[in-house]
Amino acid sequence: MKTKKFMDEMIDLTGETPVGIGSTRLVYRFPESWGPQFKDKCIKIESLEKLAELRKNHHSYFKRIRGIKRLCDKPFELAFYRWAERVNPAIYNHIPHFYGMAQTTQGEGMVVDYIEGISIGSFIGKNGITPPLIDALRNMFSIFIANSVEFRDIHKLDNWLVTQTADGNPQIVLVDGLGNATLIPITMWFSSLGRRTSIRHARRMIDALGRRYASMENADLLDFDAMMSGAGNTEATLNHE
C-alpha cells in the first residue's frame, strides 16, 4: 500500500537542532520560516549514523549482521498507522496523528503531531504518584486494550509524555514505539490476539513503573489489576488472560 505524502516541497533543516533524539531517529520541528500553521507538527527522520551505532552495539548477533534498514522503526509505525485508520479515533487522544511523508535535507521523514509535555518519569519525580495520574494511565490503557493497540519499547519512559486535558487533568500520550515489530504481525490481523498483546505490554509497563518507584508514597497504586478494575469491559478480559 502506498504511503501518503504530506507535501512535495523540500523542507530545509540546515542549521536546525533536533528537539528529540531516539535510538534510531531524530525529531525536528518545522523551521520558523514555514509559519505558525506548522508549529504543532514535527518530523521524525531515521538517522543512518544512529542505526549503524545500534547495529554495532546490539546485544543480538542476528541484528548486528542485518542490514541497517532492517533496524528502522519507520516500517512498523507506518504499518501501525495504516491499521489505525480503521479503528476508534479515540486512540488519537493518546498517540500523535500521522499526516504523511515529507522530504527534507536530512532525509525522508514522518510528519506527526508535536506533543508538548514531560516524560512520565519527570512527572512522577515532580508530582509523585497521584490519583489523577493513575486515572490517566487507566484511561489510556482502557482505550489501547479495547482497540488492540500495540506498542513496543515499554521501558523507555521518555516515550510516554504527560500532557493536560482542557480541564487541567493529566493525559498520557505515547509518542514513539507504536506497532508490532515482528516479521509477520498476525496480532494486527486478529483483534483478540492484539488485545492480549496490548494487555500484556500494559501490565509490563505498569510493573516497570512500580519497581522503579517502589520507595515512593502511593507506589501501591501502580498495580495493574487494581488500576484496571474500574475500566468497564476490560476487567472481564483481564480475568481471563
Side-chain angles (χ1 to χ4, degrees), residues 1-4 23-24 44 60 62-63 70-99 110 112-113 115 120 133-157 159-163 165 170-212 221-241:
M1 185 183 297
K2 188 175 181 180
T3 302
K4 61 183 177 181
S23 57
T24 65
K44 299 166 72 171
S60 167
F62 295 102
K63 290 195 174 183
R70 290 177 174 264
L71 297 175
C72 293
D73 287 327
K74 183 174 66 177
F76 307 126
E77 283 200 1
L78 289 177
F80 170 84
Y81 278 112
R82 286 193 289 268
W83 168 86
E85 292 175 356
R86 307 190 300 271
V87 301
N88 190 333
I91 66 173
Y92 288 102
N93 291 325
H94 302 286
I95 65 172
H97 284 82
F98 168 62
Y99 298 98
M110 296 176 62
V112 297
D113 288 325
I115 306 298
I120 191 170
L133 176 67
I134 299 302
D135 289 341
L137 286 164
R138 180 188 300 112
N139 292 339
M140 177 183 66
F141 284 134
S142 294
I143 290 174
F144 280 6
I145 291 168
N147 293 282
S148 305
V149 173
E150 294 189 62
F151 47 91
R152 301 167 282 118
D153 301 332
I154 300 163
H155 302 289
K156 293 183 179 179
L157 298 188
N159 289 346
W160 307 83
L161 295 188
V162 182
T163 65
T165 61
Q171 178 169 281
I172 302 174
V173 180
L174 177 58
V175 298
D176 206 3
L178 292 162
N180 186 316
T182 58
L183 183 62
I184 303 176
I186 59 173
T187 53
M188 296 182 71
W189 305 339
F190 301 98
S191 59
S192 60
L193 295 178
R195 188 179 175 96
R196 291 192 184 98
T197 301
S198 186
I199 291 172
R200 185 169 66 252
H201 287 182
R203 185 187 298 277
R204 287 178 182 172
M205 192 270 191
I206 296 302
D207 288 349
L209 284 175
R211 289 191 298 271
R212 178 170 295 198
L221 295 178
L222 292 169
D223 178 279
F224 183 71
D225 290 318
M227 178 187 300
M228 302 304 294
S229 62
N233 292 334
T234 304
E235 181 177 10
T237 303
L238 292 171
N239 290 336
H240 289 86
E241 293 297 327

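Model, not experiment: these values are computed from the prediction.
Atom NE2 of H97 sits about 5.5 Å away from atom OH of Y99, to the nearest 0.5 Å. With rounding to the nearest 0.5 Å, the separation of OG1 in T197 from CZ in F144 is 14.0 Å. The distance from the CE atom of M205 to the CE atom of M140 is 5.5 Å, given to the nearest 0.5 Å. Considering CZ of R152 and CG of N159, their distance stands at 9.5 Å, rounded to 0.5 Å. To the nearest 0.5 angstrom, L78 atom CG is 11.5 Å from L178 atom CG. Rounded to the nearest 0.5 Å, atoms CG (L137) and CG (L133) are 5.0 Å apart.
Y81 has its side chain out of reach of F76: every pair of non-hydrogen atoms, C-beta onward, lies at least 4.5 Å apart. Side-chain contact between I95 and F151 is absent, with no heavy atoms from C-beta onward closer than 4.5 Å. With a 4.5 Å cut-off on side-chain heavy atoms, I120 and I172 count as touching. Looking at heavy atoms from C-beta onward, M110 lies in side-chain contact with F98 at the 4.5 angstrom threshold. No side-chain heavy atom of M228 sits less than 4.5 Å from a side-chain heavy atom of I199.
For Q171 (side chain) and N93 (main-chain N/O), a donor-acceptor pair under 3.5 Å exists by modelled atom type. A donor-acceptor pair is defined here as one N or O able to donate and one able to accept, closer than 3.5 Å; no such pair exists between the side chain of H94 and the backbone of V173. Side-chain N or O atoms of S198 include one that pairs as donor or acceptor with a backbone N or O of V149 at under 3.5 Å. Side-chain atoms of S229 come within 3.5 Å of backbone atoms of A226 as a donor-acceptor pair (strictly under, hydrogens ignored). Between the side chain of D113 and the backbone N or O of I115, no donor-acceptor pair lies under 3.5 Å.
Exactly one residue among L222, L157, D207 makes a side-chain contact (heavy atoms from CB on, under 4.5 Å) with R212. That residue is L157. Of the options L174, D176, V112, a side-chain contact (heavy atoms from CB on, under 4.5 Å) to P96 is made by V112 and by none of the others.
Nearest heavy atom pair, residue T165 against residue P170, reads CG2-O, 4.5 Å. Here the closest non-hydrogen pair linking A202 and F141 is CB-CD2, 3.5 Å. Y92 approaches A84 most closely through the heavy-atom pair OH-CB, 3.6 Å. When all heavy atoms of A146 and R195 are compared, the pair lying nearest together is CA-NH1, 3.5 Å.
Applying the salt bridge (charged side-chain N to carboxylate O under 4.0 Å, His left out) rule to D135 yields the partners R138; only residues at least two apart in sequence or on another chain are considered. Under the side-chain hydrogen bond (donor to acceptor under 3.5 Å, both in side chains) criterion, E77 pairs with R25, K44, not counting sequence neighbours. For L221, the side-chain contact (heavy atoms from CB on, under 4.5 Å) partners are I129, I134, N218, not counting sequence neighbours.
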